[in-house]
Amino acid sequence: MSLLEELKDRGLVNQITDEEGLEYHLSENRVSLYCGFDPTADSLHIGHLLPVIMLKRFQEAGHQPIALVGGGTGMIGDPSGRNEERQLNEASVVEHYSNQLKNQLAKFLDFNDEQKGAIAVNNLDWLKNMSVIELLRDVGKHFSVNYMLAKDSVESRIENGISFTEFSYMLLQSLDFYKLNREQNCTLQIGGSDQWGNITAGLELIRRKSEEGEEAKAFGLTIPLITKADGSKFGKTAGGAIWLDPEKTSPYEFYQFWLNADDRDVIKFLKYFTFLSLDEINELEKEVQKRPEERVAQRRLAEEMTTLVHGEEALEQAIKISNALFKGDIKALNKTEIEAGFKDVPTHNLEENEKGLVDLLVEAKISSSKRQAREDVKNGAIYINGDREQDLQYIVDDKDKLDDAFTVIRRGKKKYFLIKHQ
């Protein structure tokens with residue numbers, strides 16, 4: 001099976017400018033391809049993960065990926081897939097974001113392999129010294145306004161308005177493809193489905209700037225938009241975006257995101273994001289059909305993705321936290337693991353060395369009143385570090401501190417509260 005056939009079997013191909021030509025090109029050459037990542041934040045999120053993994057798939061198939069960080073285009077703003085103008089960031093902020101993204105990309109792509117080593121580039125290197133006149137004469141003259149208005153990324157914004165700044169973004173991305181084509185022999189650009197207009201514009205610039213009689217060999221490929229069966233946006237949770245930076249989204253939260261994948265989505269995600277063989281994924285699909293309650297496919301997805309992004313040690317910690325919370329074995333966790341596992345639960349700072357349980361329940365807003373607190377305790381609804389406590393005279397003190405820092409109180413089956421000792 002060729003690389004392109006496997007990508008199609010995994011559902012990873014949305015559009016190709018010349019499928020037959022690209023198939024032959026990939027089979028006969030070691031191809032250089034690129035994907036761009038604009039630095040709009042100090043971390044990539046899982047919405048970026050699929051194109052990163054696509055670059056990795058091409059690299060493992062013997063081709064050379066070029067990871068372009070848009071230090072220049074990131075200061076302009078891509079209108080693709082947006083209903084409103086982006087907030088422009090200062091140059092120093094974009095530079096910081098660019099460096100962060102470059103470091104993250106190095107975790108996925110091999111930049112050291114002599115034969116197929118990835119290349120990292122920043123389009124600020126060629127855009128920063130380009131004058132307005134050069135841009136208009138060398139790039140702008142090759143595009144008619146009608147051509148640009150017909151692109152989805154522009155057309156969808158016309159009704160509500162689009163600035164000339166974002167309107168010009170297409171020219172800059174086209175120039176990126178042209179530059180890489182000439183200087184790195186880059187013949188393929190990949191991107192999300194919303195990038196089709198920008199990619200084909202780049203192909204048009206390469207064609208128009210080719211010398212007479214010269215064959216302009218270049219291709220474009222887009223990846224499908226990732227959708228979830230329940231209609232919610234992929235990569236978003238109640239707590240916000242799922243980031244690749246462990247400081248912004250902990251490995252435990254990252255693991256839980258994949259573990260909670262819908263049965264209707266999990267096989268698609270396994271095909272998209274993991275490097276498991278299609279035969280193995282087909283076996284996991286049978287498990288989903290036969291024993292959905294065991295969530296075998298979801299666990300495998302969560303393990304593969306957490307290992308890929310954060311490593312084996314982080315996966316082990318995520319599994320440890322998950323098992324401790326599921327089994328109620330809170331005491332097995334250390335301070336760092338407790339902070340990760342209970343990041344989003346209500347937290348109360350306790351300044352006293354000891355506190356009556358009933359008073360603490362009210363003070364920490366675990367129970368609505370002293371009367372309710374006493375009822376909760378008597379009825380067995382209160383758990384301290386996983387152990388049920390029904391003594392109304394119980395005192396929370398040093399013996400209840402986990403790792404000399406926290407006490408975890410649970411009310412009922414699922415409502416957790418974190419007591420942070422000062």
Side-chain angles (χ1 to χ4, degrees), residues 12-22 25 33-38 40 47-48 50-51 54 68 70 72-88 123 126-127 130 132-182 186-212 214-227 233:
L12 287 171
V13 175
N14 184 53
Q15 291 170 295
I16 305 177
T17 53
D18 175 6
E19 183 173 337
E20 186 176 336
L22 180 58
H25 186 56
L33 69 150
Y34 99 93
C35 184
F37 304 89
D38 275 350
T40 55
H48 298 109
L50 195 52
M54 283 285 282
L68 183 147
T73 46
M75 295 179 66
I76 301 301
D78 185 358
S80 303
R82 293 183 65 87
N83 298 320
E84 56 187 20
E85 292 274 324
R86 292 181 185 271
Q87 181 71 40
L88 297 181
N123 61 16
W126 54 81
L127 292 177
M130 192 174 201
V132 175
I133 291 175
E134 285 179 296
L135 177 66
L136 295 177
R137 285 179 60 88
D138 297 343
V139 182
K141 72 174 182 178
H142 295 292
F143 293 94
S144 72
V145 172
N146 290 344
Y147 175 87
M148 297 176 70
L149 289 173
K151 297 296 184 182
D152 287 343
S153 59
V154 174
E155 185 182 28
S156 62
R157 291 281 297 279
I158 293 297
E159 185 176 341
N160 294 326
I162 181 172
S163 69
F164 180 77
T165 301
E166 289 200 354
F167 181 67
S168 67
Y169 184 93
M170 186 186 304
L171 302 182
L172 301 183
Q173 186 166 326
S174 299
L175 180 61
D176 290 345
F177 200 176
Y178 173 76
K179 280 280 187 182
L180 294 177
N181 179 259
R182 287 304 168 104
C186 176
T187 52
L188 173 62
Q189 182 182 173
I190 67 170
S193 58
D194 62 341
Q195 292 299 308
W196 181 251
N198 290 331
I199 291 173
T200 53
L203 293 172
E204 181 70 5
L205 183 62
I206 291 170
R207 184 185 68 80
R208 285 178 172 270
K209 288 179 75 69
S210 297
E211 299 291 337
E212 188 174 342
E214 178 186 358
E215 183 185 3
K217 186 180 291 183
F219 305 88
L221 182 153
T222 61
I223 310 161
L225 176 69
I226 306 174
T227 57
K233 189 172 183 180

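For clarity, every value in this text was computed on a predicted model and none was experimentally measured.
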Identify, with sequence neighbours excluded, every residue that meets ring pair (Phe, Tyr, Trp, His ring centres under 6.0 Å) alongside Phe167.
none
Between Phe143 and Ala201, what is the shortest heavy-atom contact and its length?
CZ-O, 3.4 Å
Is there a donor-acceptor contact under 3.5 Å linking the side chains of Gln173 and Gln189?
yes
Does any part of the side chain of Asn123, heavy atoms only, come nearer than 4.5 Å to the side chain of Lys179, both counted from C-beta?
no
Could you check whether any side-chain heavy atom of Asn14 comes within less than 4.5 Å of a side-chain heavy atom of Trp196, counting everything from C-beta outward?
no
Return the set of residues passing side chain to side chain contact (heavy atoms under 4.5 Å, CB included) with Leu172 (not counting sequence neighbours), or none when no residue passes.
Thr73, Ile76, Leu127, Leu135
Among all residues two or more places apart in sequence or in another chain, which pass the side chain to side chain contact (heavy atoms under 4.5 Å, CB included) test with Lys151?
Tyr147, Ser153, Met170, Thr200
Mind listing the side-chain donor-acceptor pairs of residues 15-22 below 3.5 Å, one per line with the distance, residues two or more places apart or on another chain?
residue, atom, partner, partner atom, Å
Thr17, OG1, Gly220, N, 3.0
Asp18, OD1, Gly21, N, 3.0
Glu19, OE2, Lys8, NZ, 2.4

Between Phe177 and Leu205, does a side-chain contact (heavy atoms from CB on, under 4.5 Å) hold up when you go through it step by step?
CA-CA 8 Å; Phe177 200 176; Leu205 183 62; over 6 Å; no
Working to the nearest 0.5 angstrom, can you tell me the gap between Ile199 CD1 and Cys35 SG?
7.5 Å
Reported OH-to-CG distance for the pair Tyr169 and Asn198, which is rounded to 0.5 angstrom
6.5 Å
Could you work out, with side chain to side chain contact (heavy atoms under 4.5 Å, CB included) as the rule, every residue matching Arg182, not counting sequence neighbours?
Tyr178, Ser210, Glu214
Between CG of Asp38 and CG of Leu68, what distance do you get to the nearest 0.5 Å?
8.0 Å
Roughly how far, to the nearest 0.5 Å, is the CG atom of Leu12 from the OG1 atom of Thr222?
11.0 Å
In sequence, state the C-alpha distance, the side-chain angles, and the governing distance for His25 and Leu188, and then conclude on side-chain contact (heavy atoms from CB on, under 4.5 Å).
CA-CA 10 Å; His25 186 56; Leu188 173 62; 5.9 Å; no
Rounded to the nearest 0.5 Å, what separation is found between the CD1 atom of Ile223 and the CD1 atom of Ile190?
5.0 Å
What's the spacing between Leu50 CG and Leu225 CG if we round to 0.5 Å?
10.5 Å
Let me see the working for Thr187 and Leu33 under side-chain contact (heavy atoms from CB on, under 4.5 Å), right down to the final yes or no.
CA-CA 6 Å; Thr187 52; Leu33 69 150; over 6 Å; no
Output every pair passing salt bridge (Lys or Arg N to Asp or Glu O under 4.0 Å) with a member in residues 200-210, not counting sequence neighbours, ordered by first then second residue.
Glu204-Arg207, Glu204-Arg208
